[in-house]
Amino acid sequence: MPQQDNLSGSNSTGSDPSVFFLMGVPGLEALHPWISIPFCSMFTMALLGNCTLLYVIKTEPSLHKPMFYFLAMLAVIDLVLSTTTVPKILSIFWFNSREISFNTCLVQMFFLHSFFIMQSALLLAMAFDRYVAICNPLRYATILTNSVIAKIGLAALARAVLLMVPLPFVLKRLPYCRSHIISHCYCEHMAMVKLACADTRFSNVYGIIVTLFIVGLDLIFIFLSYVKLLRAVLSLALKDEQLKALGTCGSHLCAILVAYTPVVLSSIIHRFGRHVAPHVHILLANLYLLFPPMMNPIVYGVKTKQIRDRVLLLFRGKSF
């Protein structure tokens with residue numbers, strides 16, 4: 001096959017690569033058309049759900065509140081994460097279009113990891129929002145002003161960009177004389193590092209530090225926020241008040257589980273599942289690009305009455 005010739009020829013392109021080749025799901029190439037069906041369905045639902053969510057938040061004045069501004073940011077992040085990678089994945093599945101330029105690969109990797117860091121920061125900000133809303137309700141409007149929300153969003157963006165900027169430059173300087181074939185559906189940092197025929201300790205250590213330090217710290221602070229929040233809720237006298245307070249946190253807790261569960265499972269399998277087939281790891285890695293963007297609009301749409309009512313009116317062709 002011509003594609004196989006290209007792949008075999010890519011091994012001898014020297015240390016200055018201009019092209020890489022994405023393998024899709026190794027071992028399941030014959031099933032790519034079938035795998036594309038759930039992938040395409042989830043991608044379509046993610047696009048429709050997040051675009052609808054952004055439209056509803058923008059057009060409904062009652063949703064112009066901190067919680068929904070954070071939700072709009074999360075929808076934008078979900079859209080970027082999915083649109084950066086899924087179209088190329090589907091082109092591999094449908095058209096066997098495995099070729100990707102080296103610079104495009106670096107850009108895809110940069111957007112993928114930086115927006116995942118932004119997602120983690122935003123989930124922390126949303127935990128802080130729920131903490132203030134329940135523990136300091138009288139000061140909520142003065143603490144989380146529009147200016148503060150904008151600064152939180154810019155800080156999350158700046159942190160992600162500053163942390164990820166070094167990686168493309170480091171990877172661009174590495175020689176790739178072994179192979180240009182990436183055993184993955186998209187350009188991921190460690191998948192690219194494994195192809196380099198040079199000392200990659202800096203990239204390995206830097207990637208681990210960023211993951212543990214940033215995502216780990218965010219999760220710790222989210223956990224501490226909810227510990228304090230739970231104490232405040234349990235101190236409420238009436239059970240109805242307790243249930244109402246917990247209900248306001250339900251959507252955010254679901255978003256945390258949806259975002260981190262595939263990542264944790266993928267990490268555990270990657271490090272400890274030595275006998276797990278490679279395609280299982282690849283499929284799980286793809287899952288956290290598609291599952292959270294698809295589920296977040298559904299979770300918040302179902303759990304939040306204002307969004308649910310506005311969406312129902314929208315699809316019925318009514319307006320306020």
Side-chain angles (χ1 to χ4, degrees), residues 24-25 35-58 63 67-94 107-127 153 156-157 160 164 184-189 214-215 218-219 222 250-267 281-304 307-308 310-311 314-315:
V25 186
I35 298 173
S36 73
I37 295 174
F39 273 58
C40 185
S41 301
M42 293 166 69
F43 181 53
T44 303
M45 291 178 66
L47 290 179
L48 179 62
N50 284 289
C51 289
T52 301
L53 195 60
L54 287 171
Y55 176 79
V56 167
I57 292 172
K58 183 179 185 298
L63 299 180
M67 172 185 172
F68 300 106
Y69 289 144
F70 286 132
L71 184 54
M73 293 181 198
L74 184 63
V76 172
I77 290 171
D78 284 342
L79 285 171
V80 173
L81 281 173
S82 54
T83 54
T84 300
T85 52
V86 179
K88 181 60 181 177
I89 293 172
L90 292 177
S91 72
I92 295 171
F93 291 164
W94 289 340
V107 170
Q108 187 185 70
M109 182 209 70
F110 173 80
F111 272 91
L112 175 67
H113 292 297
S114 59
F115 274 82
F116 179 73
I117 292 173
M118 283 183 62
Q119 183 188 59
S120 179
L122 197 59
L123 289 173
L124 173 59
M126 294 171 79
L157 176 62
M164 284 299 106
H184 214 303
C185 293
Y186 52 84
C187 296
E188 188 262 341
H189 174 237
I214 299 302
V215 180
D218 289 350
L219 277 173
I222 289 172
S251 300
H252 183 242
L253 285 171
C254 289
I256 292 171
L257 290 173
V258 164
Y260 285 111
T261 299
V263 177
V264 171
L265 287 175
S266 179
S267 179
H281 173 68
I282 301 297
L283 289 173
L284 274 175
N286 285 310
L287 189 63
Y288 76 73
L289 294 177
L290 285 164
F291 193 61
M294 178 188 72
M295 289 302 299
N296 284 335
I298 296 173
V299 168
Y300 281 97
V302 170
K303 298 284 290 184
T304 309
I307 294 176
R308 185 172 65 247
R310 188 69 179 87
V311 170
L314 179 65
F315 280 98

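- The two residues Leu53 and Ala75 have their closest heavy-atom pair at CD2-CB, 4.3 Å.
- The line from CE of Met294 to CE of Met45 is 5.5 Å long, rounded to the nearest 0.5 Å.
- Of all non-hydrogen atoms in Cys187 and Gln108, the two that sit nearest each other are N-OE1, 2.7 Å.
- With sequence neighbours excluded, the residues forming a ring-ring contact (aromatic ring centres under 6.0 Å, His included) with Phe39 are Phe93, listed by chain and number.
- In this structure, the side chains of Leu71 and Leu63 stay at 4.5 Å or more apart for every pair of heavy atoms.
- Judged as a side-chain hydrogen bond (donor to acceptor under 3.5 Å, both in side chains), and not counting sequence neighbours, the contacts of Asp78 are Gln119, Asn296.
- Of all heavy-atom pairs between Val56 and Arg310, the closest is CG1-CG, 3.5 Å.
- Phe111 is linked by a ring-ring contact (aromatic ring centres under 6.0 Å, His included) to Phe115, counting only residues two or more places apart in sequence or in another chain.
- Partners of Phe291 under the ring-ring contact (aromatic ring centres under 6.0 Å, His included) rule, at least two apart in sequence or in another chain, do not exist in this structure.
- Within the structure, side chain to side chain donor-acceptor pair (under 3.5 Å) contacts touching residues 41-55 (residues at least two apart or in different chains) do not occur.
- Applying the disulfide bond (SG atoms under 2.5 Å apart) test to Cys185 and every residue at least two apart in sequence or in another chain returns nothing.
- At distances below 3.5 Å, not a single donor-acceptor pair connects side-chain atoms of Ser120 with backbone N or O atoms of Phe116.
- No donor-acceptor distance shorter than 3.5 angstrom exists from the side chain of His189 to the backbone of His113, with no hydrogens or angles considered.
- Not counting sequence neighbours, the partners of Tyr69 by the side chain to side chain contact (heavy atoms under 4.5 Å, CB included) test are His64, Asn146, Ile149.
- For Leu124, the side chain to side chain contact (heavy atoms under 4.5 Å, CB included) partners are Asp218, Phe221, Ile222, not counting sequence neighbours.
- The CE atom of Met42 lies 5.5 Å from the CG atom of Leu287; values are rounded to the nearest 0.5 Å.
- With sequence neighbours left out, the side-chain hydrogen bond (donor to acceptor under 3.5 Å, both in side chains) criterion links Ser82 to no other residue.
- Rounded to the nearest 0.5 Å, atoms CD1 (Ile92) and CD1 (Ile35) are 11.5 Å apart.
- Here His184 pairs with Tyr186 under the ring-ring contact (aromatic ring centres under 6.0 Å, His included) rule; sequence neighbours left out.
- Residue Glu188 holds its CD atom at 12.0 Å from OG1 of Thr85, rounded to the nearest 0.5 Å.
- In this view, Leu47 and Phe43, Leu79, Thr83 satisfy the side chain to side chain contact (heavy atoms under 4.5 Å, CB included) rule, not counting sequence neighbours.
- Cys40 SG to Leu290 CG: the interatomic distance, rounded to the nearest 0.5 Å, is 10.0 Å.
- When all heavy atoms are compared, the tightest approach of Pro292 to Ala259 is CG-CA, 4.0 Å.
- Taking CD1 of Ile89 as the reference point, atom OG1 of Thr84 lies at 10.5 Å (rounded to 0.5 Å).
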